[in-house]
Protein chains: 2
Amino acid sequence: MNKNIKKDICVLDFAFQRIGGKYKGRILWALSKHTVMRYGELSREISDISTKMLTQTLRELEMDNLIHREMYPQVPPKVEYSLTKTGKELIPFIKYLVDWGYKKMAEENEN
Amino acid sequence: MNKNIKKDICVLDFAFQRIGGKYKGRILWALSKHTVMRYGELSREISDISTKMLTQTLRELEMDNLIHREMYPQVPPKVEYSLTKTGKELIPFIKYLVDWGYKKMAEENEN
DNA sequence: CAGCATCCTCACAGATACTG
DNA sequence: CAGTATCTGTGAGGATGCTG
C-alpha cells in the first residue's frame, strides 16, 4: 500500500529526470513539430539557449534514447536530430501540458 | 508558424513551473491517492523531504490553485490538504508519466 | 556548422534548531 | 501538530571565447 506509492514516486523521479530541466520539453516539442532538425535550427528555435546547454541537453536526451543523432561526415559538418520511438511516446504527454497551459493562461487572463 | 512554436514553448514553461521542481509531482500524486492528507501524513509519505521544502512547495501549489488548504483552528493544530479541480486536471498527466516510467524501467532491466 | 572549454553565479534545496 | 527561521552548499544554467 504505502510501498506502492513510494515505488510510484521513485518511478516519477525516473520520468522527470528524462523530461525535466529547462530545455528537454522544448527540444522534444520542437522536434515533434519539425520531424528532423539541424543543430543550428534548434539553436534558433529554442531562443536564448547557449551552445553549452543545447549540446549538453541533446547529449542527455540521446543517452536516454529519446532522440537520434545523425552525423554526416562532411565539411562543413551537418548533424540532424530526430525523435526516437521512445521519444515520440512522450509527445502526447507534452501536448497535454501545452493544452492545459493554454487553457489555464486564458482563465487567468479573464480575472 | 515559428511564432506558434515559440508561443507553445512559453506555455510549456508556464506548465512546467507549476508541476516542475523536485516535489510537486510527488505531492500531487500522493494527494490523488489519498484524497485528503494532513501535513504530517505528507511528511511521512514523501520520504526525506524537509519541513522547509514541504511547507514551501505546499504554499506554491496553493498559490497556483492546484491544492486546497483547510485549517482547523484547534490545539494541537490540524491542517488538511486536498486537490482542487485544477489540480485534479494534472493527475492524468502524472499518471501517464508513471505508466511510461514503469514501462521504460522494465525495458531497461531486460538488457 | 556544430560544437568544446572555462569560468562564474545564484536559486533550489539540505540541515538544524526553535515555537504557538 | 504544523509549521518558522537561519545558515549553508551544490549543481543547473549563463557568458564568453575558441576550433576542426
Ranking D/dG13, D/dA2, D/dG17 by distance to the side chain of A/Thr51, first place goes to D/dG17
If only side-chain N and O atoms of B/Arg59 are considered, is one of them under 4.0 Å from the OP1 or OP2 phosphate oxygen of D/dG3?
yes
Taken to the nearest whole Å, CD/B/Glu70 to P/D/dG3 is 13 Å
Interatomic distance, B/Glu60 CD vs D/dG3 P [rounded to whole Å]:
15 Å
Atom pair CD1/NZ of A/Ile9 and B/Lys33 - distance to nearest 0.5 Å
10.5 Å
Of all nucleotides in DNA chain C with an atom under 4.0 Å from a non-hydrogen atom of chain B, which is the first and which the last going 5' to 3'?
C/dA13 to C/dG20
Atom CG in B/Leu12, atom NZ in A/Lys22: separation rounded to 0.5 Å?
13.0 Å
Rounded to whole Å, please give me the gap between CD in A/Gln74 and C1' in D/dG20.
14 Å
Pairs where residues 87-111 of chain A contributes a residue and the test ring-ring contact (aromatic ring centres under 6.0 Å, His included) is met, not counting sequence neighbours:
A/Phe93-B/Phe93
Has the side chain of B/Thr55 got a donor or acceptor atom sitting under 3.5 Å from an opposite partner on the base of D/dT4?
no
Could you state the CZ-C1' distance from A/Arg26 to D/dA12, rounded to the nearest angstrom?
14 Å
Starting from P on D/dA2, measure out to CD on B/Glu80 and report it in whole angstrom.
9 Å
Atom OH of A/Tyr39 and atom P of D/dG20: how far apart are they, to the nearest Å?
17 Å
Phosphate oxygens OP1/OP2 of D/dG3: is one of them under 4.0 Å from a side-chain N or O of B/Tyr81?
yes
So NZ of B/Lys88 and OG of B/Ser32: to nearest 0.5 Å the spacing works out to 10.5 Å
Assuming nearest nucleotide by heavy-atom distance, tell me which of B/Lys22 and A/Pro77 is located more 5' along DNA chain C.
A/Pro77
Validate the cation-pi geometry between A/Arg18 and A/Phe14: distance from NZ or CZ to the six-membered ring centre under 6.0 Å, angle to the ring axis within 45°.
yes
Look at the side-chain N and O atoms of B/Arg44 and state whether any lies under 4.0 Å from the OP1 or OP2 oxygen of D/dA2.
no
On DNA chain D, more 5' by nearest nucleotide between B/Leu58 and A/Met53 is B/Leu58
Using the rule given for side-chain hydrogen bond (donor to acceptor under 3.5 Å, both in side chains), can you reason through A/Tyr39 versus A/Thr55, listing the C-alpha separation, both sets of side-chain angles and the distance that settles it, and then say yes or no?
CA-CA 9 Å; A/Tyr39 185 92; A/Thr55 302; 2.9 Å; yes
Would you name the heavy atoms of B/His68 and B/Thr84 that are closest together and state the gap between them?
N-CG2, 3.7 Å
Please round to the nearest 0.5 Å and tell me the distance separating atom CD of B/Glu108 and atom NZ of B/Lys103.
12.5 Å
Over all strands shown, is B/Tyr72 touching base, sugar-phosphate only, or nothing at heavy-atom distances under 4.0 angstrom?
nothing
Does a side-chain N-to-carboxylate-O contact under 4.0 Å join A/Lys104 and A/Glu107?
yes
Using Watson-Crick pairs (N1 to N3, plus N6-O4 or O6-N4) and G-U wobble pairs, both distances under 3.5 Å, which stems of at least 3 pairs involve DNA chain C?
C:1-20 with D:1-20
Where each residue is assigned the nucleotide of DNA chain D containing its nearest heavy atom, which of A/Pro76 and A/Lys52 is assigned the position nearer the 5′ end?
A/Lys52
Whole Å only: how far is the CD1 atom of A/Ile49 from the P atom of D/dA12?
15 Å
Round to a whole Å and report the spacing from CG of B/Leu54 to P of D/dA5.
16 Å
Heavy-atom distance under 4.5 Å between the side chains of B/Glu70 and B/Val79, does that happen here?
no
